[in-house]
Amino acid sequence: MKALVLTQVGTPYTLHVETDIEIPEPAAGEVRIKVMSSSINPVDYKFAKNGTTLQLPHILGIDAAGIVDAVGHDVTTWQKGDRVISLTNLWRWGGFAEYVVVDANSISAIPEQLDFTAAATIPCAGITAWQALYRKAPLHAGQRILVNGAGGGVGGFVVQLAKLMGLEVYATASSEPERIKALGADHIINYKQDNIVERIHALTEGRGVDAVIDLISSETSQQLATVLRHNGHLISVSGRIDQNPIPSFTKAISIHEVALGFAYQHGDDENLRDIAAGGEFLATLMANGKLDPMIQNVITLDELENGLHQAEHGKTQGKVVIEIAKAS
């Protein structure tokens, strides 16, 4: 099979397209997917730079959308020909290849009317956003939420899902404000021009927001906790804070961490099935036109190395999809 292979971790990391890799076989409890499309996520280039525990050579790609090609001998929930998506295991070979083997519990069915190009945007970015909003904080219509880092894939999905929930959405971004408004943001804050904390207090007349979903770093999570209302929720996706930055017996905030892909190492089958349920929920929304996949560009496997470098240097917005095979 053809795949983009990581042969050296670090800065710089080394990637090669290879065409003669043996097609993997599914073991018990596993399914093989013929990958039609994948997409780029920050975790892909982060593992290329920092994945020192990876066994090389390694195939990156946490997203996979395609067709079930083979199943392990004890798998009864899936059969050959099923149209699916999967969040792959970061420590196993991933979706930047013509075939990938995944845990049967991690698979989400996708509707017939949803094409693989759009579906490939869902597993990492979409389910991360879904988990932040639907599994971490008990939010309801009319509440206010700050999305810090709304320009990327996860941020764009958070904005859309929050709007579908009836939330008032405050979003930070340094470019493309009209695109983010079109996704559903009510207020855009340019973090390069404005102080986010001051701007939130001004826009909310000092009331603050009910939740912050921070997609940037533990440092920004720490800073933005101050805009939360009493009983607010701080949800960190790209680096948690180790100590509550708010004095005890004051605002009584709750702190949440989203670490979607680590369910493979620290979760169980139930956790994986919950991730798969999130994928099916999002795929249905997308198939019904209620969720924009935010595709900025569609590239080939041969163009993927450059695409990863572009994403690493912040030159992409929304999602970049890799078309690995054409649907017949």
Scan the side chains in residues 109-127 for donor-acceptor partners under 3.5 Å anywhere in the protein, sequence neighbours excluded, and list what turns up.
{"from": "Asp115", "atom 1": "OD1", "to": "Thr117", "atom 2": "N", "distance (Å)": "3.1"}
{"from": "Asp115", "atom 1": "OD1", "to": "Ala118", "atom 2": "N", "distance (Å)": "2.8"}
{"from": "Thr121", "atom 1": "OG1", "to": "Ala118", "atom 2": "O", "distance (Å)": "2.7"}

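- Side chain of Gln143 to backbone of His140: a donor-acceptor contact under 3.5 angstrom is found.
- The pair Lys2-Glu98 does not count as a salt bridge, with every side-chain nitrogen at least 4.0 angstrom from each carboxylate oxygen.
- One finds no salt bridge joining Lys46 and Asp44 here, because no Lys/Arg side-chain nitrogen approaches an Asp/Glu carboxylate oxygen to under 4.0 Å.
- Close placement of the Phe47 and Trp91 rings is indicated, their centers lying within 6.0 Å of each other.
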Side-chain polar contacts of residues 281-289 - donor-acceptor pairs under 3.5 angstrom, sequence neighbours left out - could you list them?
{"from": "Thr284", "atom 1": "OG1", "to": "Glu280", "atom 2": "O", "distance (Å)": "3.0"}
{"from": "Asn288", "atom 1": "ND2", "to": "Thr284", "atom 2": "O", "distance (Å)": "3.2"}

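- Remark: Arg135 pairs with Asp274 by the salt bridge (Lys or Arg N to Asp or Glu O under 4.0 Å) rule, at least two apart or across chains.
- The side chain to side chain contact (heavy atoms under 4.5 Å, CB included) check on Ser221 picks up Asp214, Leu234, Ser236, Ile241, with sequence neighbours excluded.
- Taking 4.5 Å as the limit, every side-chain heavy atom of Tyr13 sits out of range of all side-chain heavy atoms of Gln8.
- Inter-residue side-chain proximity for Tyr264 and Leu90 is flagged as unmet; no heavy-atom pair is nearer than 4.5 Å.
- Every residue two or more places apart in sequence or in another chain that forms a side chain to side chain donor-acceptor pair (under 3.5 Å) with Glu30 is listed here: Arg92.
- Ring centroids of Phe96 and His58 are separated by 6.0 Å or more, keeping the two rings apart.
- Summarising the local packing, NZ of Lys181 is surrounded by 12 or fewer heavy atoms from other residues, nucleotides or ligands at distances under 6.0 Å.
- Listed for the Asp210 side chain is no donor-acceptor partner under 3.5 Å among the backbone atoms of Ile145.
- Counting only residues at least two apart or in different chains, ring pair (Phe, Tyr, Trp, His ring centres under 6.0 Å) contacts with residues 229-261 comprise His233-His256.
- Heavy atoms of other residues, nucleotides or ligands lying less than 6.0 angstrom from CD of Glu22 number 12 at most.
- Contact check for Leu60 versus Leu4: no side-chain heavy atoms found under the 4.5 Å cut-off.
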